[in-house]
Amino acid sequence: MTKVTLIPLLLLVILIPACVKEPDYPLAPALSNPSNRINTTQDSTSVSQSIILTCDFTDGDGDIGLTQNDTAAPYDYNFFIDYYEKQEGKFTKVAPDRAPLDTIHFNSRIPIINKDGSKKNVSGEITIENIDVSLRTSDTILLRFYLLDRALNKSNILETGEIIIPRL
């Protein structure tokens, strides 16, 4: 009697995972669920503020990431963040040196996530820390960002929405 009960149970344990289909993501990376928080730090000489940005990602061929040897364009950065400040009621893109400019980004490097190349359809979470906002001239900012994979496929562009940062 125990064998009869055990065999169907074993078959279910073996067959159910085989029926679960792996997700089929597009080849271009996709970003979703952006969130952010303000990080305030203080040392003996100053107080600084930065943003910690987090989002989810998917990629159908698992080719996200840069190695330490990837230093020349187009493989010098793979996560791009544009910084905007609210000025006179509308958001204006601002460069780190405070001059409006269309080509400045707060670029970041996401390391290789699929080191042996065996995984396709990868997903996970990206966190970018220390996006410095200490020198801002507005208390309201916005970040727009996207990801490039190794085939230079560009993800969708996401934005944080308004981030209100208290003055120190």
Side-chain angles (χ1 to χ4, degrees), residues 9-39 41 49-86 90-97 99-133 136 140-165:
L9 183 60
L10 283 174
L11 284 174
L12 282 174
V13 169
I14 293 169
L15 292 177
I16 288 178
C19 295
V20 176
K21 187 176 180 182
E22 186 174 308
D24 189 21
Y25 301 127
L27 294 181
L31 302 177
S32 62
N33 302 320
S35 66
N36 54 268
R37 66 180 191 269
I38 300 165
N39 185 31
T41 56
Q49 291 177 311
S50 62
I51 300 293
I52 299 170
L53 175 66
T54 302
C55 66
D56 295 334
F57 75 90
T58 61
D59 187 58
D61 56 5
D63 67 339
I64 292 176
L66 300 173
T67 69
Q68 289 183 341
N69 295 328
D70 291 323
T71 56
Y75 298 107
D76 48 350
Y77 298 100
N78 59 354
F79 195 86
F80 300 88
I81 302 171
D82 293 330
Y83 173 79
Y84 294 79
E85 288 186 357
K86 195 170 201 177
K90 70 178 199 172
F91 283 101
T92 303
K93 189 173 182 177
V94 179
D97 68 356
L101 191 60
D102 290 335
T103 58
I104 299 297
H105 304 276
F106 287 89
N107 301 340
S108 295
R109 295 174 53 87
I110 306 300
I112 294 281
I113 59 166
N114 188 10
K115 292 182 181 175
D116 63 4
S118 64
K119 292 184 180 180
K120 307 297 181 205
N121 293 317
V122 296
S123 64
E125 184 177 87
I126 294 172
T127 299
I128 307 294
E129 297 182 348
N130 300 320
I131 301 169
D132 189 6
V133 293
R136 73 190 183 288
T140 306
I141 67 166
L142 176 141
L143 303 174
R144 287 193 181 125
F145 53 96
Y146 64 92
L147 173 66
L148 290 180
D149 66 13
R150 292 199 64 80
L152 303 180
N153 294 314
K154 183 177 178 179
S155 74
N156 54 315
I157 299 172
L158 288 184
E159 66 179 44
T160 59
E162 290 189 3
I163 302 171
I164 299 172
I165 303 172

Atom pair CG/CZ of D59 and R150 - distance to nearest 0.5 Å: 12.0 Å
Residue pair C55 / P34: nearest heavy atoms and the distance that separates them: CB-CA, 4.2 Å
Interatomic spacing from OG1 in T58 to CG in N121 - rounded to 0.5 Å: 8.5 Å
Contact summary for Q68 and R109, nearest pair of heavy atoms: CA-NH2, 4.2 Å
Aromatic ring pairing F106/Y83, orientation class (parallel under 30°, perpendicular over 60°, tilted between): perpendicular
Side chain to side chain contact (heavy atoms under 4.5 Å, CB included) evaluation trace for I165 with R136: CA-CA 10 Å; I165 303 172; R136 73 190 183 288; 3.3 Å; yes
Beyond-backbone contact of P29 with I64, side-chain heavy atoms, under 4.5 angstrom: yes
Greater than 12 external heavy atoms within 6.0 Å of E125's CD: yes
For the student: nearest non-hydrogen atoms of T160 and F145, plus distance: CG2-CE2, 4.1 Å
Side chain to side chain contact (heavy atoms under 4.5 Å, CB included) between F57 and I113, intermediate numbers included: CA-CA 12 Å; F57 75 90; I113 59 166; 3.5 Å; yes
Side chain S108, main chain F79, donor-acceptor under 3.5 Å: no
From CG (N78) to CG (L66), nearest 0.5 Å: 3.5 Å
Minimum heavy-atom distance between A28 and K154, given as atom pair plus value: CB-O, 4.1 Å
Atom pair CG/CG of L27 and D63 - distance to nearest 0.5 Å: 8.0 Å
Reported CG-to-CG distance for the pair L158 and L31, which is rounded to 0.5 angstrom: 5.0 Å
Taking every non-hydrogen atom, the tightest pair across F91 and E162: CZ-CG, 3.4 Å
CD1 on I110 to OG1 on T127, rounded to 0.5 Å: 9.0 Å
Side-chain (Y25) to main-chain (V122) donor-acceptor, under 3.5 angstrom: no
